[in-house]
Structure formats: C-alpha cells, structure tokens
Number of protein chains: 2
Amino acid sequence: MQLIRIHECLCDRTRLRIIHLLTAGPLCVCHFQAVLREPQVKVSKHLAYLRTRGLVVAERRGNWMVYSLPPRPGRELSAHLACLQDCAREEPALRRDLERRRRLAPEVAGADHCGCGAPARG
Amino acid sequence: MQLIRIHECLCDRTRLRIIHLLTAGPLCVCHFQAVLREPQVKVSKHLAYLRTRGLVVAERRGNWMVYSLPPRPGRELSAHLACLQDCAREEPALRRDLERRRRLAPEVAGADHCGCGAPARG
DNA sequence: TAACCATATTCCTGTTGCGGTATATGAAAA
DNA sequence: TTTTCATATACCGCAACAGGAATATGGTTA
C-alpha cells in the first residue's frame, strides 16, 4: 500500500522537514544542510531513504544533486502534500524552515558555500 | 510535533486499517478482530499504541472496550483523517474493511461471538 | 595527472517497534 | 466464590531505523 510508504517517510522529523521544504521547489543537499542545520550525513541518508521510496527524485547538476518532488506525484502523494502544507502553517518549526529557505539565496551567495545553480525558490 | 505522532500511527498497516475503520464510527475490540481478521493480541496492542498517542479514545462497556476517534480531534488530526478517507476510496484493502464492517452486525448476532452493544455503524 | 568539492555509502551502536506465546486483569455469569 | 468472557500486559526474538565517524564516489578544477 503506497499510503503506508508515505506515512513511513513522513514519520521522521528530518524527513518531514525535507518534504515540506520541497513543496516550495527543488533544493540541493547543501541548501538542505543550511536550512535544516543538520550534518551532511544525516541529510544525505534521509534523502536516499525518500528517494528509494519514490517520494523525491534527484538530478545531478555538476557536483551538486538537486532534489525535487516527483513531477507527477500521484493522487495519494498529492493529497498528503496538500495536507502537509495545510498543517505546516501552524507548525512553527516548519514555518521557520520556509523562512530560512527564502533568505537562502543571498546568504549562500555571500558565503564560501557551494554556490550551486539550484533555484532557491523553485 | 503532533504531525509526526500522527504519521507514526499511520505508518503501520494494521493501525491504518484501524483508524480508517473508526472514521465510520466506534468499534469494540472483537469487531476489530472480525473485520481485520487479525489475532486479539495484535489488535489490542495496536489500539494501545494509538491510545497512548491520543489518536483514539477508549470507553469500557461491561466486558467490552469500545474505541473511537477523539471527540474533538484537533486541526492536524482532522486534516489527516479527511485525507485518509479520501485516499481510502482507491485502496481495495480499505474498501474491503468497510464492507466487512457494514455486514458485521448481522454476522456477529448470528454467531457465538461477543454480541457486544457497540454500535456497528457509529 | 592530482587535488578538490559535494554528496553517497559503509560500519557501528543504541533504540524502537512488530509479532507471537503465555499470562494477567477486570467485569459479568453461574 | 468460582468460572467465563473480553481485553490487556509482560516477555522474547527479530528486523528496521536513526545518528555519528570514517571513507568512498564521481564530477570539476588546477
């Protein structure tokens, strides 16, 4: 049942934040690290988890890997993404993530970070 | 984050079926056993899991325990229950459960089952 | 080529959770 | 009171998973 897969993916805090961030558009690993403030291993492993279960797709762009939600998510996933976005409005932690994401592009440009070409707002 | 709790509860097949059944109204343990066709321990333990996490409430009625969704589920839970009901329409296993639930009352009355007074349709 | 960068994978450890067997509880019936 | 019934809990073994440290990979730059 795909439903269970979806819930398995969303029952971890880091993965929930990742998926939520992706509802605002694609992101590369270094941006996840910056927004989530979590170590690279952790982010990378959760992305792999999500990838093998079809919740996200990845595309290589030079040195960077850009992750997005699947182009055509399917009915169940779409419903749950909408539900997540709805609920996220009242979750301070998730709002904060989105805020950090918005401020990301200039922040990264100024630092000696990756400076990758992934769009910062989808 | 209550969101994570909800997903933890729904990421197991048995628990997903339990919650889905409860969207159609309260049910006692023996009815769960009959509809899910799962052993008593399994059902009981998953109900306990859901109970400690606030996804269901229980009320004793004589020998029987009647489980229901919380009377005032809160915004996040409500949203996810609606989402579940929406998705369930395309899940054969969940549709089948509902069908068994509908046919439950006469079935139980005829057998030497519990015959408990829990309403079969909420 | 070598060095470097962003990311992925491997190995480890502790924790959680699932399923089953056996047993305990608590209310009702005999 | 003892039995019976519906349900809950304790204990066990097993598999999945989370997090961290170290290392591997696969592209890019020098």
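Every chain is numbered from 1, with letters handed out A, B, ... down the list of sequences. Because only heavy atoms are used, hydrogens play no part in the values below, and waters and symmetry mates are left out as well, while side chains stay in. What you are looking at is a predicted structure, and each value in this text was computed from that prediction instead of being measured.
- Of the possible donor and acceptor atoms, one in the side chain of B:T23 sits under 3.5 Å from a partner among the backbone N and O of B:H20.
- For A:H31, no side-chain nitrogen or oxygen approaches OP1 or OP2 of C:dA6 to under 4.0 Å.
- In this structure, A:R51 fails the cation-pi test against A:Y49, since its NZ or CZ atom is not both closer than 6.0 Å to the six-membered ring centre and inside 45 degrees of the ring normal.
- Residue side chain A:K45 reaches the base of D:dG19 through a donor-acceptor N/O pair under 3.5 Å, judged by distance alone.
- Ionic pairing of A:R103 and A:E99 is present here: one or more N-O contacts between side-chain nitrogen and carboxylate oxygen are shorter than 4.0 angstrom.
- Residues A:L27 and A:V66 fail the side-chain proximity criterion, which asks for heavy atoms closer than 4.5 Å.
- Applying the 4.0 Å criterion to OP1 and OP2 of D:dC17, one finds that A:H46 has every side-chain N and O outside that range.
- Within the 4.0 angstrom heavy-atom criterion, only backbone atoms of the sugar-phosphate kind lie near B:V29; the bases stay farther away.
- Within the nucleic acid shown, B:R13 has no heavy atom closer than 4.0 Å to any nucleic acid atom.
- Checking B:Y49 against B:E38, the closest nucleotide of DNA chain C that is more toward the 5' end is the one next to B:Y49.
- Closest to the side chain of B:M65, out of D:dT7, D:dT9, C:dT7, is D:dT7.
- Dashed line: the shortest gap from a side-chain N or O of B:R51 to OP1 or OP2 of D:dT9 is not under 4.0 Å.
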Next item on the list: If a protein heavy atom is under 4.0 Å from the base, mark B; if only from the sugar-phosphate, S; if neither, -; do that for nucleotides 25-30 of chain D going 5' to 3'.
Entry: -BBS--
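- Using a 4.0 Å heavy-atom cutoff across all strands shown, A:Y67 reaches sugar-phosphate atoms only and no base atom.
- A:E38 has its side chain within reach of A:R17: a pair of non-hydrogen atoms, C-beta onward, lies under 4.5 Å apart.
- You'll find a donor-acceptor pair under 3.5 Å spanning the side chain of A:Q40 and the base of C:dA8, going by distance alone.
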